[in-house]
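Note sheet for the following structure.
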Amino acid sequence: MKKVLAPLFMSLMLVLVTNVETVNASSKTYEGEQTICISASSKSDSNKYRVYKLKKKKMFKTSKFVKLHNESEINFWKASQVTIKGQQWWKIGKNRYLKDTRVEVVNTDRMKELGQELPTYEN
């Protein structure tokens with residue numbers, strides 16, 4: 001009986017984990033108002049930009065970063081500009097924010113006019 005229960009339990013756990021991952025993957029998409037990218041820093045050659053979160057009406061640094069680019073192309077995000085306590089932030093996901101200092105808005109309409117390929121989004 002124990003030999004039958006162990007595989008049954010393991011397959012049930014596999015189904016539950018698979019369903020949870022699917023829900024999490026679909027909740028990561030964020031439909032922002034504008035397309036943005038992050039410009040390079042004039043002070044360093046860093047390839048990443050810190051992500052912040054909002055907690056009790058204050059912004060806190062997280063241990064997470066977003067990359068400016070991958071091996072062959074610039075990374076783009078769908079984002080909405082928000083004002084929190086008088087400062088401008090870009091919301092790129094559920095409780096994920098970027099500082100306004102190095103964010104650049106991309107004109108996708110102009111890209112279409114020029115026949116350029118539209119960006120793929122990281123969020």
Side-chain angles (χ1 to χ4, degrees):
M1 182 71 172
K2 288 182 182 178
K3 291 181 180 179
V4 173
L5 287 178
L8 180 64
F9 180 71
M10 292 301 288
S11 53
L12 179 62
M13 290 301 294
L14 182 61
V15 169
L16 291 174
V17 168
T18 305
N19 288 342
V20 168
E21 288 178 9
T22 305
V23 169
N24 287 341
S26 65
S27 66
K28 286 184 181 181
T29 58
Y30 179 73
E31 293 299 322
E33 300 165 354
Q34 297 177 327
T35 300
I36 63 167
C37 66
I38 301 169
S39 62
S41 172
S42 61
K43 297 179 182 178
S44 73
D45 59 351
S46 177
N47 182 28
K48 53 190 179 179
Y49 201 57
R50 185 174 298 275
V51 175
Y52 292 80
K53 69 178 182 176
L54 180 64
K55 187 175 181 183
K56 296 182 182 179
K57 299 182 182 179
K58 283 188 170 183
M59 297 305 275
F60 289 94
K61 290 181 181 179
T62 65
S63 59
K64 298 178 180 162
F65 292 84
V66 293
K67 289 187 175 184
L68 277 62
H69 58 83
N70 58 24
E71 295 173 6
S72 62
E73 60 186 21
I74 297 172
N75 292 335
F76 295 93
W77 289 270
K78 280 291 211 180
S80 300
Q81 192 172 28
V82 294
T83 304
I84 299 170
K85 290 200 171 187
Q87 289 186 327
Q88 296 294 322
W89 296 86
W90 288 93
K91 185 173 183 176
I92 60 168
K94 183 179 178 182
N95 205 13
R96 294 179 68 203
Y97 297 88
L98 299 174
K99 276 188 178 179
D100 190 46
T101 54
R102 288 174 39 199
V103 172
E104 302 292 333
V105 178
V106 178
N107 189 345
T108 53
D109 294 333
R110 181 72 175 142
M111 289 176 73
K112 287 179 190 176
E113 287 175 12
L114 297 172
Q116 293 178 343
E117 199 173 304
L118 291 176
T120 55
Y121 299 103
E122 293 295 314
N123 54 348

Which side-chain N or O atoms in residues 104-113 pair as donor and acceptor under 3.5 Å with protein atoms at least two apart or in another chain?
residue, atom, partner, partner atom, Å
N107, OD1, D109, N, 3.3
N107, OD1, R110, N, 3.2
R110, NH1, E113, OE1, 3.1

Open item on the list: Can you tell me if L118 has over 12 outside heavy atoms packed within less than 6.0 Å of its CG?
Closed with: yes
TODO: Apply side-chain contact (heavy atoms from CB on, under 4.5 Å) to N70 and list each qualifying residue two or more places apart in sequence or on a separate chain.
DONE: S72, E73, N75
TODO: Please round to the nearest 0.5 Å and tell me the distance separating atom CD of Q34 and atom NZ of K78.
DONE: 9.0 Å
Open item on the list: Please report the interatomic distance CG(L68) to SG(C37), rounded to the nearest 0.5 Å.
Closed with: 8.5 Å
TODO: With sequence neighbours excluded, tell me which residues meet ring-ring contact (aromatic ring centres under 6.0 Å, His included) with W90.
DONE: none
Task: Hydrophobic cluster membership, Y52 vs I92, 4.5 Å side-chain cutoff - done: no
TODO: With sequence neighbours left out, write down each residue that passes ring-ring contact (aromatic ring centres under 6.0 Å, His included) with F76, or none if nothing qualifies.
DONE: none
TODO: With side-chain contact (heavy atoms from CB on, under 4.5 Å) as the test, would you mind laying out the steps for I38 and W77 before giving the verdict?
DONE: CA-CA 9 Å; I38 301 169; W77 289 270; 3.8 Å; yes
Open item on the list: Using the rule given for side-chain contact (heavy atoms from CB on, under 4.5 Å), can you reason through N123 versus V66, listing the C-alpha separation, both sets of side-chain angles and the distance that settles it, and then say yes or no?
Closed with: CA-CA 10 Å; N123 54 348; V66 293; over 6 Å; no
TODO: Output every pair passing salt bridge (Lys or Arg N to Asp or Glu O under 4.0 Å) with a member in residues 38-52, not counting sequence neighbours, ordered by first then second residue.
DONE: none
Open item on the list: Under the rule for side chain to side chain donor-acceptor pair (under 3.5 Å), what residues qualify as partners of Y121, not counting sequence neighbours?
Closed with: T35
Open item on the list: List the residues meeting salt bridge (charged side-chain N to carboxylate O under 4.0 Å, His left out) with E117, not counting sequence neighbours, and say none if there are none.
Closed with: none
Task: Listed partners of Q87 passing side-chain contact (heavy atoms from CB on, under 4.5 Å), at least two apart - done: W89
Open item on the list: List the residues meeting side chain to side chain donor-acceptor pair (under 3.5 Å) with S80, not counting sequence neighbours, and say none if there are none.
Closed with: Y30
Task: Partners meeting side chain to side chain donor-acceptor pair (under 3.5 Å) with Q88 (sequence neighbours left out) - done: Q81, T83
Open item on the list: If the condition is side chain to side chain donor-acceptor pair (under 3.5 Å), which residues does T101 pass it with, not counting sequence neighbours?
Closed with: Y49
Enumerate, atom names and distances included, each donor-acceptor pair closer than 3.5 Å involving a side-chain atom of residues 55-63, sequence neighbours excluded.
residue, atom, partner, partner atom, Å
T62, OG1, V51, O, 2.6
T62, OG1, K64, N, 3.2

